[in-house]
Number of protein chains: 2
Amino acid sequence: MEKQFHPNISVDCVIFGFDFKKLNVILVERNVHDPVNGAKQISDLTLTGNHVYFDEKLEDAAKRILFNLTGLSGIYLEQFFTTGDPERLKSVKDQVWLQKIGKDPRERVVSVCYFSLLNCDEITLKMGNRKIGWYSVKEAKNLAFDHGTILGNAIKALQTKLLYEPIGFEMLPEKFTLTQLQKLYEVVFDVEFDKRNFRKKVSKMNYLVPLDEKQKGVSHKPARYYTFSRELYEKNSSAMFNFSI
Amino acid sequence: MEKQFHPNISVDCVIFGFDFKKLNVILVERNVHDPVNGAKQISDLTLTGNHVYFDEKLEDAAKRILFNLTGLSGIYLEQFFTTGDPERLKSVKDQVWLQKIGKDPRERVVSVCYFSLLNCDEITLKMGNRKIGWYSVKEAKNLAFDHGTILGNAIKALQTKLLYEPIGFEMLPEKFTLTQLQKLYEVVFDVEFDKRNFRKKVSKMNYLVPLDEKQKGVSHKPARYYTFSRELYEKNSSAMFNFSI
DNA sequence: CCAAAAGTGTTCAACTTACACCCATGT
DNA sequence: ACATGGGTGTAAGTTGAACACTTTTGG
């Protein structure tokens with residue numbers, strides 16, 4: 001007996017990446033052509049997702065999606081939201097699409113959503129016959145299904161998490177400069193920080209380790225590289241109370 | 001045709017309440033007796049939950065559960081977590097129980113979890129033939145299914161949310177004293193605050209409105225009552241950036 | 001030598017923390 | 001009168017925000 005997908009339970013992954021300039025997300029093209037004249041009936045974008053196997057844990061399904069896409073495992077992954085309204089797949093476009101890919105368009109699908117963090121440069125994406133790639137979150141409009149809502153929630157969840165935990169490093173290479181780190185916070189929160197004040201702040205994070213290595217081949221003063229030490233973070237981090245409101 | 005429950009999709013509600021002394025949660029007794037000798041086979045506690053109807057939104061199912069329990073609508077409600085591992089209902093106890101209440105024990109059930117906030121005193125609970133009541137979150141041990149995990153996640157979600165938004169008032173009566181408010185924060189975060197510093201902090205929250213009314217019948221200096229003004233909060237609140245890490 | 005980004009300190013205001021006594025009420 | 005919790009201020013230390021110039025490299 002083959003592994004079977006559960007018709008009512010799926011997982012969607014919002015995969016964020018940072019290219020030193022902006023916050024990106026992986027999206028997949030969704031095209032349907034008119035069988036008669038070949039004109040495009042649908043042309044838009046979806047998040048990456050899939051139904052779960054009957055005997056598969058939710059998080060394992062998310063890991064499977066990530067692995068099939070990138071060939072990597074051990075990627076940062078966090079559940080943040082679940083969408084499951086009966087009408088969420090009922091627009092005409094979505095019904096046409098479900099028909100095309102061989103799903104029963106009448107089934108109600110609850111989708112458990114995860115966000116996950118990658119360094120854009122380190123991977124090459126692949127996914128069967130659909131075109132897949134990185135898109136700026138600011139340009140990610142006109143998404144299929146309720147994926148626009150999911151993406152909006154994912155960005156808020158990422159921001160909230162990033163206020164408390166140093167997960168930004170998951171989107172940076174092993175070695176990075178302080179300017180790159182600052183830019184990362186700036187694009188996630190869509191604000192700008194003062195360079196000196198930012199450096200003062202991060203200099204208190206003793207899990208941010210300066211290396212003896214510097215940038216090469218840049219036509220300006222080369223920046224020192226830093227690295228994130230998970231051990232130091234886990235040793236020294238302590239709970240904080242801060243209730244701002 | 002009768003409304004039917006979806007066999008694979010349920011909602012659980014973690015209903016928190018504050019009684020001026022501790023943080024409480026609503027739990028329901030789960031008893032199974034041996035049909036021969038009448039001895040208890042199972043005696044433990046569950047969260048409140050139910051399967052969703054086929055055409056019912058997830059959040060509407062949560063509202064329905066709350067309404068059936070308390071007779072109230074408009075209760076604070078927030079989705080925080082979804083659990084759906086294939087094994088989550090597979091312990092012997094849980095299988096016996098599912099059989100007893102007429103569910104198919106083989107079905108996989110994804111449960112979307114909400115937490116919700118109430119003032120303990122303002123309601124009387126009712127729920128068919130099962131015994132239901134408030135339990136201190138500290139004593140809430142030995143929960144059925146994976147409800148212990150769900151409760152743990154709910155407490156963390158409540159704490160995180162309470163750092164940013166003034167939702168604590170949902171667990172207080174319309175009029176409350178500053179000491180009651182302080183106690184609420186103390187029990188949710190399991191810490192103690194200095195009375196003067198706490199008052200200094202909340203005095204900056206201009207949506208906390210002092211009333212001309214005071215406590216009566218207390219054998220000490222009567223405390224002034226305050227009330228929470230949602231309008232003032234929504235007018236004056238602004239986003240904050242704070243990334244502590 | 002020019003362009004480009006790296007790196008670095010000080011000042012002022014705001015906030016956090018620690019801490020102790022008198023007040024109003026009921027019994 | 002006493003027990004109980006209500007209510008208040010100050011000083012020291014810490015943190016946050018604003019702000020400009022010199023350095024190092026490649027071209």
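Atom set for the values below is all heavy atoms of this structure, side chains included, hydrogens, waters and symmetry mates excluded.
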side-chain contact (heavy atoms from CB on, under 4.5 Å) involving Asn197(B) - partner list, sequence neighbours excluded: Asp194(B), Lys200(B)
Whole angstrom value for the distance that separates P of dT11(C) from CG of Asp194(A): 17 Å
Value in whole Å for how far the P atom of dA18(D) lies from NZ of Lys201(A): 12 Å
Pairwise salt bridge (Lys or Arg N to Asp or Glu O under 4.0 Å) hits with a residue in residues 61-76 of chain B, at least two apart: Glu56(B)-Arg64(B), Glu59(B)-Lys63(B)
Sequence neighbours excluded - salt bridge (Lys or Arg N to Asp or Glu O under 4.0 Å) pairs with any residue from residues 138-156 of chain B: Arg88(B)-Asp146(B), Lys138(B)-Asp190(B)
Interatomic distance where CG belongs to Asn197(A) and P belongs to dT8(C) [whole Å]: 14 Å
Partners passing ring pair (Phe, Tyr, Trp, His ring centres under 6.0 Å) against Tyr225(A) (at least two apart in sequence or in another chain): none
Please tabulate the protein-to-nucleotide N/O contacts below 3.5 Å involving nucleotides 5-8 of chain D, giving atom names and distances.
unit_1: dG6(D); atom_1: OP1; unit_2: Thr179(B); atom_2: OG1; d: 3.0
unit_1: dG6(D); atom_1: OP2; unit_2: Thr179(B); atom_2: OG1; d: 3.1
unit_1: dG6(D); atom_1: O4'; unit_2: Lys221(B); atom_2: O; d: 3.3
unit_1: dG6(D); atom_1: N7; unit_2: Lys195(B); atom_2: NZ; d: 3.2
unit_1: dG7(D); atom_1: OP1; unit_2: Arg224(B); atom_2: N; d: 2.7
unit_1: dG7(D); atom_1: OP2; unit_2: Arg199(B); atom_2: NH1; d: 3.3
unit_1: dG7(D); atom_1: N7; unit_2: Lys195(B); atom_2: NZ; d: 2.6
unit_1: dG7(D); atom_1: O6; unit_2: Lys195(B); atom_2: NZ; d: 3.1

Polar pair under 3.5 Å, donor/acceptor by atom type, side chain Lys200(B), base dT17(C): yes
Glu186(A)/Lys195(A) salt bridge by N-O under 4.0 Å criterion: no
Length of the line joining Leu181(A):CG and dG7(C):P, which is rounded to integer Å: 13 Å
side-chain contact (heavy atoms from CB on, under 4.5 Å) partners for Ser219(A), two or more places apart: none
Whole angstrom value for the distance that separates C1' of dC15(C) from CZ of Phe193(B): 16 Å
Euclidean distance, atom CE of residue Met205(B) to atom C1' of dC15(C) [Å, nearest integer]: 14 Å
Sugar-phosphate only, base, or nothing, as touched by Lys183(B) at under 4.0 Å among non-hydrogen atoms: nothing
base_contact_polar (dT25(C) base, Lys216(B) side chain, donor-acceptor, <3.5 Å): no
